[in-house]
2 protein chains.
Amino acid sequence: MHNWLGSKGYPLDMTPLQPAPAAEDDWLRLDHQICFSLHAASRAFNGVYRVILKDLGLTYPQYLVMLVLWERGELPVKKLGEHLRLDSGTLSPLLKRLEAAGLVRRERSARDERSVQVGLTEEGSALRERARQVPRRIAAATGCDVEEIRTLRERLDELTTALDAAALQEAPGCS
Amino acid sequence: MHNWLGSKGYPLDMTPLQPAPAAEDDWLRLDHQICFSLHAASRAFNGVYRVILKDLGLTYPQYLVMLVLWERGELPVKKLGEHLRLDSGTLSPLLKRLEAAGLVRRERSARDERSVQVGLTEEGSALRERARQVPRRIAAATGCDVEEIRTLRERLDELTTALDAAALQEAPGCS
DNA sequence: CACAATTAAGTTGTGCACAACTGGTTGGGG
DNA sequence: CCCCAACCAGTTGTGCACAACTTAATTGTG
């Protein structure tokens, strides 16, 4: 991990150099802040998970997959993708790696041979026990109490819903 | 773009199937929510930017680099990385692509040949004009007003600071 | 039944993030 | 003066995200 905090606290000081920027320049700066903040927060979270999950031999997206499997049990790749908002292009190689690690079992459905059922192996189920400590360590790392986390999560979910709707609007082919 | 909203509004319904989960299972679920929400929000943002930035021929991280250059002017790769929290492993190939696109100029500093100065080309500076419309479109996509965005950004920055600090604590080699 | 449209998973290619490493450059002790 | 530690950019390798495409199975309709 790099020492981004080398100088002092928060390394980003985007203080304006010009006295009174035009309205649009102001927007540009504000925009920088929100998109950048989210990007940075996501990567910071990823970094903490990376450290904590190293013991378990999982990456952050792999951990998300395992959480769904622990909670839901066996389910097809399609369903897994709907829960995680990921498509087969991302999940296929990821699941193959989990399979190679012996945590996951993949088998074609007999009833519909297009579908592949993903389930836990003995070892994959057992890993859940070792994963129980993870949430507490993450919560501690955020320095927030449960209520704060819940509020933030709700705001983020609202944002995601709005952004998804907007993406469909913005998508090419919408007159 | 995939139609993740196929069924209705928000596709994630992680309602518990068991009646009264143990405290640690509850933590596991809560944890799922926050880490997943942030992950999803980040990718949703990325998706909106992807659509909007396609006109400019920029990816989201490339746009972030250009924002810094527009605001700060010429600066070494190191400084650029500090502003964006990215290292040379990410920036070097990204900057080469921007250079190949004719937007950016890279040259070794004469005074310190370890350092590479990154600056805008004529074309790179000109692109700023076309980028002015971006923030408004993004803000519209979020469906939030300026104040809401500012509040969320502040929460995210706090979170990032806390997480970075925690990552250093968790890092191996800390007794 | 036949055949076109749809659906599921997988593959390919591009780009980003990051760890680990390489190769010059610089600057400070011995 | 020389060597070595620190430093900067770049390279390599792994994994994720996503668009575009392929392959195979299923479903619907004439």
Side-chain angles (χ1 to χ4, degrees), chain A residues 1-4 6 39-40 42-51 53-54 57-65 75-82 84-101 106-118 167 171-172, chain B residues 1-4 6 39-40 42-51 53-54 57-65 75-82 84-101 106-118 167 171-172:
Chain A
M1 187 58 61
H2 305 278
N3 182 11
W4 289 114
H39 201 61
S42 177
R43 285 187 294 133
F45 238 114
N46 212 314
V48 172
Y49 271 104
R50 191 193 323 281
V51 174
L53 292 175
K54 190 183 278 182
L58 292 175
T59 67
Y60 181 43
Q62 286 167 7
Y63 173 67
L64 294 177
V65 167
L75 76 180
V77 173
K78 185 78 195 307
K79 283 284 179 209
L80 197 54
E82 282 170 8
L84 296 169
R85 312 172 82 82
L86 292 172
D87 63 12
S88 67
T90 300
L91 285 175
S92 287
L94 190 155
L95 290 171
K96 283 192 173 180
R97 280 186 287 271
L98 286 179
E99 189 181 36
R106 291 188 316 139
E107 50 196 33
R108 289 268 163 197
S109 165
R111 215 171 42 73
D112 183 346
E113 286 198 16
R114 289 172 303 183
S115 165
V116 168
Q117 292 287 318
V118 181
Chain B
M1 187 59 59
H2 305 279
N3 183 11
W4 287 115
H39 202 60
S42 178
R43 284 187 294 134
F45 239 114
N46 212 314
V48 173
Y49 271 104
R50 192 193 324 281
V51 173
L53 292 175
K54 190 183 277 183
L58 293 175
T59 66
Y60 182 43
Q62 286 167 8
Y63 173 68
L64 294 177
V65 167
L75 75 181
V77 173
K78 186 77 194 308
K79 282 284 178 206
L80 198 53
E82 283 170 9
L84 295 170
R85 313 172 79 83
L86 292 172
D87 63 11
S88 67
T90 300
L91 285 175
S92 288
L94 190 155
L95 290 171
K96 281 193 174 182
R97 281 188 285 272
L98 286 179
E99 188 180 36
R106 291 189 315 139
E107 51 196 33
R108 287 270 162 196
S109 164
R111 215 171 41 73
D112 184 347
E113 286 198 17
R114 289 173 302 185
S115 163
V116 168
Q117 292 288 317
V118 181

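Below, chains carry the letters A, B, ... as their sequence lines are ordered, and counting in each starts from 1.
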Could you say whether Gln117(A) or Arg111(B) is positioned toward the 5' end of DNA chain C, judged by the nucleotide with the nearest heavy atom to each?
Gln117(A)

Round to a whole Å and report the spacing from NE2 of His39(A) to C1' of dA17(D).
12 Å

May I have the distance from Leu98(B) (atom CG) to dT14(C) (atom C1'), rounded to whole angstrom?
15 Å

Taking all non-hydrogen atoms of both residues into account, name the closest pair between Tyr63(A) and Leu53(A) and its distance.
CB-CD1, 3.5 Å

How is Leu94(B) classified with respect to the nucleic acid when contacts are heavy atoms under 4.0 Å: base, sugar-phosphate, or nothing?
sugar-phosphate

Electrostatic pair Glu82(B)-Lys79(B), nearest N-O below 4.0 angstrom:
yes

Regarding Thr59(B), tell me which of base, sugar-phosphate or nothing describes its non-hydrogen contacts under 4.0 Å with the strands shown.
sugar-phosphate

Rounded to the nearest angstrom, tell me the gap between atom CG in Leu58(B) and atom C1' in dT14(C).
15 Å

Check whether any side-chain nitrogen or oxygen of Arg43(B) sits under 4.0 Å from OP1 or OP2 of dC18(D), and answer yes or no.
yes

Any side-chain N or O of Lys96(A) below 4.0 angstrom from OP1/OP2 of dT11(C)?
yes

Output the rounded distance in Å from CG (Asp87(A)) to P (dT7(C)).
16 Å

note: Arg114(A), atom CZ; dT11(C), atom C1'; distance rounded to Å ~ 19 Å

Identify whether any heavy atom of Ser115(A) sits under 4.0 Å from a base atom; if not, whether one sits that close to sugar-phosphate; answer base, sugar-phosphate or nothing.
sugar-phosphate

Nearest-nucleotide comparison on DNA chain D, the residue closer to the 5′ end among Gly89(B) and Gln62(A)
Gly89(B)

For Arg106(A) and for Asn46(A), locate the closest nucleotide of DNA chain C by heavy-atom distance; then report the residue assigned to the nucleotide nearer the 5' terminus.
Arg106(A)

With a cut-off of less than 4.0 Å, is there a side-chain N or O of Lys79(A) near OP1 or OP2 of dA8(C)?
no

Candidate list Tyr49(B), Phe45(B), Tyr60(B), test ring pair (Phe, Tyr, Trp, His ring centres under 6.0 Å), partner His39(A), passing option
Tyr60(B)

Would you indicate whether the side-chain heavy atoms of Leu80(B) and Leu86(B) approach each other to under 4.5 Å?
no

Rounded off to whole Å, could you give me the CG-to-P distance for the Leu86(A) and dC18(D) pair?
7 Å

Of all the nucleotides listed (dG10(C), dC18(D), dA9(D)), which has the minimum atom distance to the side chain of Val116(B)?
dA9(D)

Lys78(B) NZ - dT26(C) P separation (whole Å):
16 Å

Within the modelled atom types, does a donor on one side and an acceptor on the other bring the side chain of Ser88(A) and the base of dG10(C) under 3.5 Å apart?
yes

Leu95(A) CG to dT11(C) P: how many Å, rounded?
12 Å

Heavy-atom nearest pair, Glu113(A) first then Arg108(A), reads O-NH1, 3.0 Å

